[in-house]
Amino acid sequence: MTAHGVVVAKFGGSLLRDASGYITAAQEVAGLQQKGRRVVVVVSAMKGVTDELIDIVERPSGWEPRLRRIMERYYSAARGAVESERELTNVLGELSRLFDELFKLVWAVKVIGEATPNARAAIVSFGERLSAALMAAVLRSNGIESVWLGGREAGIIAEGDPWEATVDYSSSEEMVREKLNPLIERNVVPVVTGFVAGTREGRTVLLGRGGSDYTATLLGRFLQADEVVLYTDVPGVMTADPRKIRTAKVIERLSFAEAMELALLGAKRMHPKTFEPVMDTDTRIKITMPGANQATIVDNRGGPPPLKAVVVSDDISLVTVTGGGLVGRIGTAAKVTGVAAKLGINILAIMQPITETRISLVVRRRYAEKLATALSEELGYIVSRVEVEEASAVSVVGDGLREPRISSKLVERAAGLGGVKSILWAPGSPILVTFVEPEEAWAIAEQLHEEVVSQWQTG
Ligand SMILES: Nc1ncnc2c1ncn2[C@@H]1O[C@H](COP(=O)(O)OP(=O)(O)O)[C@@H](O)[C@H]1O
Ligand SMILES: N[C@@H](CC(=O)OP(=O)(O)O)C(=O)O
């Protein structure tokens, strides 16, 4: 059985800073219900709480006052957002029981002197659990029937790395429908913890940083929702980081392919898997801010203009091997990448000219020296030089780049900017990456952003 007209509404930590964030979220849910939609809510932890909990598990000294400060934030949000006396008493009791559990877990970690990955995941999940309990109470206080569920209780099953577990789609689909559809059919709004899932045996696991977006789209898929709305503190995905580039505008339409590239680049801190669950479905994604009259719609169609956004990635290095020994030798690229694989280093990009005289690997900066040393040691017989250069990547994303006419124009423009070390565009790809001097990154981003926005007017 499938409930119809379902919308999954996810509220990010950026909005849930204090009581007013929960009140705004409840008003949004009421507005959706008035339009006849059946709503499933996903919440993140209050702003900054996940970071603080991670820090507490890693450095538990002084943990007690730090946990009390978090506790006070949730209590104070409850006092400000839950109007009904009865609901307030109930939710303060519920929050206090959750804090009791959290205090015991952190105390145990402090006594033992270390946390297992599962214990760490369980502790960090409390940011979302407390938030979900609070949101359900705020909704009830506004006359909206609601219950909250942990990710596992809602049916999201995941295995593997407790920090970034892999979701089992088929078991989860069945479980989510079984758990949530009866509530939806009875007009009860389920409030589900984002970011949190559980193993088949019931151990808590997490879905990776920013994972609430992913929880929302997973639920959207499993419940065959019409729409997943990701509510945040900006009115949509923007043409650049608005904190750095003031002229950034909201992008009205994105295709799933474009949105996926942006999420993988870390734009708007979207979880890299955000769009994966819905890419082959009719569920559309809307990213907006409560009360805004602008939004970004992401679906299978996308739309103009051809170039959409610029994203800066810091924290990378180019590791380049050169030497005549590389030329014409079959299997050299495999040897070079094999050294990285053996060290467990992920390669972000590979560049090699047709003459085979050099191979550049792009990796996270923290791995560059280790990789360079290993390459010199293991491939010294074919490689004459190994160089490491710090860089930033300034990427332009847009389906229009798949057309050589548009990508070549952008290559020409980028090549004319000082500070660009190299440009990478793979045929048919909706992303063009320029590797630049780190200190030039934002100046170059600004110029490429002008290029992106200028074609919005000219089409
Ligand atoms: N291209 C972009 N589009 C929109 N927001 C961006 C972009 N790049 C960076 N941001 C920043 O991301 C912030 C929202 O991300 P995040 O705090 O993770 O939201 P949430 O908590 O709602 O998931 C915005 O406040 C904005 O400043
Ligand atoms: N609270 C988690 C999950 C999340 O998605 O949060 P947000 O929606 O605030 O980005 C994190 O900070 O990673």
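Whatever order the structure lists them in is the order used to number ligands and atoms, beginning at 1. Not measured: the values here are computed from a predicted model.
By the neighbour-count criterion of 12 heavy atoms within 6.0 Å, atom CD of E403 is densely surrounded, having more than that number from other residues, nucleotides or ligands. Annotation for K421: atom NZ counts as buried by contact number, over 12 foreign heavy atoms lying within 6.0 Å.
At the top of the distance list for atom 10 (O) of ligand 2, counting protein heavy atoms only, stands R269 NH2, 3.2 Å. At the top of the distance list for atom 6 (O) of ligand 2, counting protein heavy atoms only, stands S44 OG, 3.4 Å.
Interface of F195 with ligand 2, defined as ligand atoms under 4.0 Å from a residue heavy atom, comprises 2 (C), 3 (C). Under a 4.0 Å criterion applied to the non-hydrogen atoms of S212, ligand 2 contributes the atoms 3 (C), 4 (C), 5 (O). Distances below 4.0 Å separate heavy atoms of V237 from the following atoms of ligand 1: 3 (N). Near R209, meaning under 4.0 Å from one of its heavy atoms, ligand 2 places the atoms 11 (C), 12 (O), 13 (O).
Residue E128 places a heavy atom under 4.0 Å from ligand 2. Heavy-atom distances between K10 and ligand 2 reach below 4.0 Å in at least one pair.
Proximity of P242 to ligand 1, defined as any heavy-atom pair under 4.0 Å, is confined to the side chain (atoms from C-beta onward). Residue contacts with ligand 1, taken as heavy atom pairs separated by less than 4.0 Å, involve V234 solely via side-chain atoms from C-beta onward. The side chain of K10, and not its backbone, has at least one atom closer than 4.0 Å to an atom of ligand 1 (non-hydrogen atoms only; side chain from C-beta on). Residue contacts with ligand 1 for R243 involve side-chain atoms from C-beta outward but no N, CA, C or O (heavy atoms, distance under 4.0 Å).
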